[in-house]
Student: 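Mind looking over this structure? Questions follow.
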Amino acid sequence: MNKYGLISLILTCVLFFLQFIPLGVYFQFENPFVNSHVRIPIQLFTFQDNKLFIWGMVTNGVFQNWFEVNILTGIFFLVLLPLAGILTIFGFWKENKTGKKLMNANFIFLLVILLYSIIGIPIYSEEILGVQFSYFDIFSHLNYGFFILLINLILALIANIKHPIQ
Amino acid sequence: MAIKSGIFAGILALIIAFIAEIPIYPPENLIVSFKIFASENIDFYFWGYNINGGTIITSLIGLIPESFISLCIWLMIFFIGVSSIMASTKKAKFNNSLKLFKINILLSSLILIIFGIIIFFLVLVNIAFFLNVIGFGYYFTIIILILNLFALRSLKKE
């Protein structure tokens, strides 16, 4: 089993399924049953009232998935990331060359997603945010999600290099 | 064979890293709170602190370097949780598990010393209050340390 691959898979799931990481979780017998005191935001970028997640965008509390906002971003984020996750599910426990190939594919997909987020988002920023960014403007709007994606990419690289082959 | 004490230590560490309280018997308002210590209506947890049961303050999502120490302490307990479980699995390599358990023991001791010093200075006027101030979070950290010691011993025996 490739442990780094498993951690990469967990981080992919966190980015894809969650809006925040709950800390200080407490349980109550009302609705919602589970609540949390602290919420670590996991959006990739924050620009004014817009929060850009992997799964979509939140503007003033209104949720939109990427296909509603920008189809190309939807293809990169909403298709490639689940694909990377699925390949990791099959790859991390296979201790053979197929497993290594799958881990390699996971790394490449994550690299493409990260590159798109820092190159593609500024290109389509007018369509997405209504403001045209220059290339380096995006770096002043990074949020925790971007760093989680970066850590995920590094772990995917380590998982690819250290994949056990029997 | 999987090391049960290591897995149990990992689960405990993850619980105190993420969870504030678990209800035991709601009609009597009986809950287990995972605070490390409490002082003057402020409950201190690994993820932040709770003032008067209402206002929550956390420096985890603050700016670095202000949040660095609290972030490090939270990451330490999270690392202990993950690494204890990973080092206790069947397929874990002996040398790696040995190193991880030693790091876990070192980190949990460090956490206990840091919070021990803080608590000591809080109750300096009257040492008898020591047990009143300490919460389950601190006791669980002691248990995590002990379980990691047991796990290391059973690993060496194997």
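Side chains are part of it too, since the values below use all heavy atoms of this structure and drop only hydrogens, waters and symmetry mates. Naming: A, B, ... by sequence-line order, numbering from 1 per chain.
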Student: Mark yes when over 12 heavy atoms from residues, nucleotides or ligands other than Phe136(B) sit less than 6.0 Å from its CZ; otherwise mark no.
Tutor: no
Student: Can you tell me if Tyr124(A) has over 12 outside heavy atoms packed within less than 6.0 Å of its OH?
Tutor: no
Student: Taking atom CD1 of Ile114(B) as the centre, report whether more than 12 heavy atoms of other residues, nucleotides or ligands fall under 6.0 Å from it.
Tutor: yes
Student: What part of Ala17(B) gets closer than 4.5 Å to chain A, counting heavy atoms only: side chain, backbone, both or neither?
Tutor: backbone
Student: Return yes when atom NZ of Lys100(A) has more than 12 non-hydrogen atoms of other residues, nucleotides or ligands closer than 6.0 Å, and no otherwise.
Tutor: yes
Student: Can you confirm whether Tyr26(A) sits close enough to Ile19(B) that some side-chain heavy atom of one is under 4.5 Å from a side-chain heavy atom of the other?
Tutor: no
Student: CG of Leu23(A) to CZ of Phe46(B): how many Å apart, nearest 0.5 Å?
Tutor: 12.5 Å
Student: State, with a plain yes or no, whether a side-chain heavy atom of Phe27(A) is found less than 4.5 Å away from one of Ile31(B).
Tutor: no
Student: Decide yes or no for Met86(B) and Leu6(A): does some side-chain heavy atom of the first lie under 4.5 Å from some side-chain heavy atom of the second?
Tutor: no
Student: Which distance, rounded to the nearest 0.5 Å, do you find between the NZ of Lys3(A) and the OG1 of Thr89(B)?
Tutor: 4.5 Å
Student: Around atom CZ of Phe90(A), are there more than 12 heavy atoms of other residues, nucleotides or ligands at under 6.0 Å?
Tutor: no
Student: For Phe133(A), I'd like to know if atom CZ has over 12 heavy atoms of other residues, nucleotides or ligands within 6.0 Å.
Tutor: yes
Student: Between Tyr45(B) and chain A, with a heavy-atom cut-off of 4.5 Å, which part of the residue counts as in contact: side chain, backbone, both or neither?
Tutor: neither
Student: Would you please classify the geometry between the Trp47(B) ring and the His37(A) ring as parallel, tilted or perpendicular, with 30° and 60° separating the classes?
Tutor: parallel
